Amino acid sequence: MEPLLKLDHYSVSFQTSMGEVQAVRDVNLTLNKGEVLAVVGESGCGKTVMCQSIMKLLPKTARIKSGTVSVNGTDITNYKEKKMRNLRGPVLSMVFQDPMTTLNPTIPVGKQIEEAILRHEKVSREEARKRAIEMMDLVGITQPEYRYSLQPHYFSGGMRQRCVLAIALATSPELLFADEPTTALDVTVQAKILDLLLEIRDKTNIGILFISHDLGVVARIADRVAVMYAGKIVEIGTAEEIFYHPCHPYTWGLLSAHPALAADGGKLHSIQGMPPVMLNPPPGDAFAERNPYAMKIDYEKEPPMFQVSDTHWAATWLLDERAPKVEPPISLKRVE
């Protein structure tokens with residue numbers, strides 16, 4: 001079956017006054033219909049740039065350096081703005097972290113949902129209004145007929161995010177990019193939004209690419225997880241494989257830094273050092289300088305993706321048959 005989304009050796013860079021910044025590097029990724037794929041990693045690792053470049057939402061200083069993007073088997077890598085407008089909405093949609101960067105503060109939220117429907121479908125304004133109210137009800141906004149006429153400032157943060165979700169889903173897209181949509185919300189509202197996304201996935205069979213740095217959120221929602229570092233996917237597998245059988249030292253570091261895995265004394269682990277500057281990526285493994293298990297080859301040669309199982313891959317020289325056996329940190333063993 002053809003994947004809904006496929007990235008093949010995909011790279012994106014930015015031209016700056018100091019030179020070319022390599023934001024996304026040689027990414028291979030697939031997403032199927034009805035699947036939730038989470039992309040995790042530190043801020044600046046390339047998660048958002050990757051998704052916005054697929055949607056063609058980056059500034060003119062950005063360019064696709066190499067590789068291809070396919071949606072439902074169609075190569076959209078070189079699509080211009082006119083063609084992308086026909087994809088955004090009916091096929092591709094995106095929810096951003098801060099709902100107020102999406103919502104117009106002066107226009108009632110119902111009108112904004114209605115506008116998305118009228119832009120992409122040939123329906124009457126009355127039909128669009130009816131559909132907008134149905135969408136508000138679908139995403140859990142109570143009294144949708146009344147709240148249809150309210151501006152965004154009448155809504156709480158969680159309700160605003162539901163409004164943004166209603167706009168994104170109004171044209172029945174096949175693929176939703178969710179860029180840290182719950183980061184600014186409190187824990188109880190966050191849980192409700194995640195449950196809502198899963199409920200909508202089950203009803204519509206939509207594919208969701210979920211960006212987050214919160215591993216607790218990812219564990220709740222993801223079918224598969226891709227770990228990203230310095231613009232590259234360094235490990236990918238099912239959620240169970242990534243959380244219970246991680247293979248890359250960077251994944252070990254992310255999991256060990258989670259509050260649930262704090263040491264008995266309550267001290268959080270941290271990954272020492274800083275990510276490399278992507279103006280000049282290192283010749284070997286980009287994580288080598290921060291990797292306590294780094295070997296000489298890590299500084300000289302970039303590791304390939306080693307296959308761990310049919311669904312699990314990791315780019316670390318520790319999986320090479322010649323490498324010494326290294327056990328995951330004790331903090332990870334405690335939860336297995």
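None of these values were measured; they are calculated from a predicted model.
Formation of a donor-acceptor pair under 3.5 Å by the Trp317 side chain with backbone atoms of Ala294 is not found in this model. The backbone N or O of Met295 sits less than 3.5 Å from a side-chain atom of Asp298, completing a donor-acceptor pair. Judged by distance alone, with hydrogens and angles left aside, the side-chain atoms of Ser11 form no donor-acceptor pair with the main-chain N or O of Ser66 at under 3.5 Å. Side chain of Thr316 to main chain of Leu318: a donor-acceptor pair is present (N/O by atom type, distance under 3.5 Å, no hydrogens or angles). Remark: side-chain polar atoms of Ser256 are not paired, donor with acceptor, to backbone N or O of Gly253 under 3.5 angstrom.
Connection of Val95 to Met136 is established within a shared hydrophobic cluster, with ILVMFWY side chains joined at heavy-atom distances below 4.5 Å, either directly or through further cluster members. Connection of Leu37 to Leu254 is not established within any shared hydrophobic cluster, with ILVMFWY side chains joined at heavy-atom distances below 4.5 Å, either directly or through further cluster members. Note on Leu5 and Met94: same hydrophobic cluster, where clusters join Ile, Leu, Val, Met, Phe, Trp and Tyr whose side-chain heavy atoms are under 4.5 Å apart, directly or indirectly. Residues Ile211 and Met50 fall within the same hydrophobic cluster, defined by Ile, Leu, Val, Met, Phe, Trp and Tyr side chains chained together at heavy-atom separations under 4.5 Å. Leu196 and Leu209 sit in two unconnected hydrophobic clusters of ILVMFWY residues. Membership requires side-chain heavy atoms under 4.5 Å apart, directly or through other members.
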When you look at Glu115 and Lys111, which way does the salt bridge (charged side-chain N to carboxylate O under 4.0 Å, His left out) test go after all the steps? CA-CA 6 Å; Glu115 181 184 358; Lys111 288 286 184 183; over 6 Å; no
Between Val164 and Leu103, does the side chain to side chain contact (heavy atoms under 4.5 Å, CB included) criterion hold? Intermediate values first, please. CA-CA 7 Å; Val164 170; Leu103 296 170; 3.8 Å; yes
Arg25 vs Lys65, test: side chain to side chain contact (heavy atoms under 4.5 Å, CB included). Steps then yes/no. CA-CA 9 Å; Arg25 303 187 297 145; Lys65 189 175 181 181; over 6 Å; no
Could you walk me through whether Glu180 and Phe96 pass the side chain to side chain contact (heavy atoms under 4.5 Å, CB included) check? CA-CA 7 Å; Glu180 304 206 37; Phe96 297 92; over 6 Å; no
Stepwise, does the side chain to side chain contact (heavy atoms under 4.5 Å, CB included) test hold for Leu138 with Lys203? CA-CA 10 Å; Leu138 175 68; Lys203 286 181 179 178; 3.9 Å; yes
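Between atom CH2 of residue Trp313 and atom SG of residue Cys247 there is a gap of 12.5 Å, rounded to the nearest 0.5 Å. Interatomic distance, CD1 of Ile193 versus CD1 of Ile221, reported as 10.0 Å (0.5 Å rounding). Remark: Leu176 CG to Ile206 CD1 distance equals 5.0 Å, nearest 0.5 Å. Taking CG from Asp310 and OG1 from Thr238, the interatomic distance works out to 11.0 Å, rounded to the nearest 0.5 Å. Distance check, rounded to the nearest 0.5 Å: CG of Asn32 to CD of Glu2 gives 10.0 Å. For the atom pair Arg224 CZ and Ile242 CD1, the distance stands at 10.0 Å (nearest 0.5 Å).
Tyr148 has its side chain out of reach of Ile113: every pair of non-hydrogen atoms, C-beta onward, lies at least 4.5 Å apart. Within the 4.5 Å cutoff, the side chain of Phe177 has heavy atoms near those of the Met55 side chain. Side-chain contact between Thr68 and His9: absent, with no pair of heavy atoms (C-beta onward) separated by less than 4.5 Å. Residues Val218 and Val225 meet the side-chain proximity criterion, which asks for heavy atoms closer than 4.5 Å. Contact annotation: the side chain of Arg88 never approaches that of Ser93 to less than 4.5 Å [non-hydrogen atoms, C-beta and beyond]. Side-chain contact check for Leu319 versus Val308: some heavy-atom pair is nearer than 4.5 Å. Looking at Leu198 and Val36, their side chains come closer than 4.5 Å, going by heavy atoms from C-beta outward. In this structure, Val217 and Gln190 have side chains that are in contact, with non-hydrogen atoms separated by less than 4.5 Å.
Heavy-atom minimum distance, Met228 versus Val24: CE-CG1, 4.3 Å. Nearest heavy-atom pair, Pro173 versus Val91, reported as atom, atom and distance to 0.1 Å: CB-O, 3.7 Å. In terms of heavy atoms, Pro246 sits closest to Leu255 at CG-CD1, 3.7 Å. The minimum heavy-atom distance linking Leu197 with Ile208 is given by the pair O-CD1, 4.0 Å. Here the closest heavy-atom approach between residue Thr182 and residue Leu194 is recorded as CG2-CD2, 4.1 Å. Listed here is the closest heavy atom pair of Ala128 and Ile117: O-CD1, 3.7 Å.
Between Glu126 and Lys130, none of the side-chain N atoms (NZ, or NE/NH1/NH2) sits under 4.0 Å from a carboxylate O, so this pair counts as no salt bridge. Under a 4.0 Å N-O distance rule, the pair Glu81/Arg85 qualifies as a salt bridge. Ion pairing between a basic and an acidic side chain is recognised when a charged N comes within 4.0 Å of a carboxylate O; Arg201 and Glu35 show no such pairing.
No side-chain N or O of Ser212 forms a donor-acceptor pair with one of Asp214 less than 3.5 Å apart. Under the 3.5 Å distance criterion, with hydrogens and angles disregarded, no donor-acceptor pair is assigned to the side chains of Thr74 and Asn72. Side-chain atoms of Tyr250 and Glu42 form a donor-acceptor pair, as typed in the model, at a separation below 3.5 Å. With 3.5 Å as the limit, one finds a donor-acceptor pair spanning the side chains of Ser309 and Glu241. Under the 3.5 Å distance criterion, with hydrogens and angles disregarded, a donor-acceptor pair is assigned to the side chains of His312 and Glu235. Looking at Ser124 and Glu127, their side chains never bring a donor and an acceptor atom within 3.5 Å of each other.
When each of Arg131, Arg129, Arg125 is tested with Glu114 by the rule side-chain hydrogen bond (donor to acceptor under 3.5 Å, both in side chains), just one qualifies, namely Arg125.
Judged as a side chain to side chain donor-acceptor pair (under 3.5 Å), the pairs with a partner in residues 132-142 (not counting sequence neighbours) are, in order, Thr142-Arg147. Every pair passing side chain to side chain donor-acceptor pair (under 3.5 Å) that includes a residue from residues 45-64 is listed here, sequence neighbours excluded: Tyr10-Ser53, Glu20-Arg63, Thr48-Asp179.
When the ring-ring contact (aromatic ring centres under 6.0 Å, His included) test is applied to Tyr79, no partner is found at least two apart in sequence or on another chain. Under the salt bridge (charged side-chain N to carboxylate O under 4.0 Å, His left out) criterion, Lys80 pairs with no residue, sequence neighbours left out.
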Please tabulate, one pair per line, all N/O donor-acceptor pairs under 3.5 Å involving side-chain atoms of residues 273-289, not counting sequence neighbours.
unit_1	atom_1	unit_2	atom_2	d
Asp285	OD1	Phe287	N	3.0

Throw together a table of side-chain donor-acceptor distances under 3.5 angstrom for residues 149-157, partners on residues two or more places apart or in other chains.
unit_1	atom_1	unit_2	atom_2	d
Ser156	OG	Met159	N	3.3

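Counting heavy atoms of neighbouring residues, nucleotides and ligands inside a 6.0 Å radius, atom CG of Asn78 does not exceed 12 of them.
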